[in-house]
Amino acid sequence: MAKPNKKAPTKTIDIYCKACNAPLFKYRKGGKGALVKCFKERIVEDFTHTPCHCPACEKEFARETLIRGTPAYKFIGGKVWFK
Ligand SMILES: [Zn+2]
C-alpha cells in the first residue's frame, strides 16, 4: 500500500481546540480543504498531554485510527479549528 504522503507538504498549520482555543498540534498539512484527520508522522509539535484530549479543557477532540496502515488522529466534527 502506498503511503499517503508522496511529496511532503511544506505548509504548516496550527490546530486549536474549538472550545477553549488552546493549541493542540502544529501540523504539516497536505492539500487544501477540510481538516478531518491528521497523520501522526506529520505532526511537527504536539501540545497535548493525553492523546486526543485538549491539554486545557480536557475535551476529547479526536480518535486514534489507522489510515492505510498509518497511525493517525481522526478529528471529531466541530472540535477543532486551524489556521
Ligand atoms: Zn480545549
Side-chain angles (χ1 to χ4, degrees):
M1 284 304 244
K3 287 260 182 175
N5 183 17
K6 279 243 162 65
K7 43 183 183 177
T10 51
K11 198 185 153 207
T12 305
I13 59 165
D14 297 304
I15 301 172
Y16 298 91
C17 172
K18 204 153 208 168
C20 71
N21 290 332
L24 304 171
F25 301 129
K26 231 181 228 312
Y27 181 63
R28 277 181 295 146
K29 186 176 185 296
K32 290 181 179 172
L35 186 74
V36 289
K37 60 197 179 340
C38 73
F39 294 102
K40 291 185 189 180
E41 63 192 14
R42 286 206 224 154
I43 295 170
V44 184
E45 247 182 291
D46 183 351
F47 298 104
T48 62
H49 306 303
T50 309
C52 300
H53 287 76
C54 172
C57 70
E58 294 182 353
K59 284 204 170 74
E60 190 178 33
F61 64 85
R63 309 234 180 229
E64 291 191 79
T65 184
L66 283 177
I67 298 167
R68 281 171 283 171
T70 306
Y73 294 121
K74 191 172 193 295
F75 294 115
I76 299 166
K79 299 287 187 191
V80 301
W81 64 279
F82 68 94
K83 64 177 185 189

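Every number for a ligand or one of its atoms is a count from 1 in the order of the listing. We're numbering straight along the sequence, starting at 1.
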Within a strict 2.8 Å cut-off of the Zn ion (ligand 1), protein N/O/S atoms tallied 4
Worksheet item: L35, F39: one ILVMFWY side-chain cluster at the under-4.5 Å cut-off?
Response: yes
Looking at Y73 versus F25, is the centre-to-centre ring distance below 6.0 Å?
-> yes
Can V80 be reached from I67 by stepping across I, L, V, M, F, W or Y side chains whose heavy atoms are under 4.5 Å apart? yes
Taking F82 as the starting point, is it possible to reach F47 by hopping between hydrophobic residues whose side chains are less than 4.5 Å apart?
no
Residues 15-26 vs side-chain hydrogen bond (donor to acceptor under 3.5 Å, both in side chains), sequence neighbours excluded, gives D14-K26, N21-W81
- Task: Tell me whether I43 is reachable from F75 by hopping between hydrophobic residues (I, L, V, M, F, W, Y) whose side-chain heavy atoms are closer than 4.5 Å.
- Result: yes
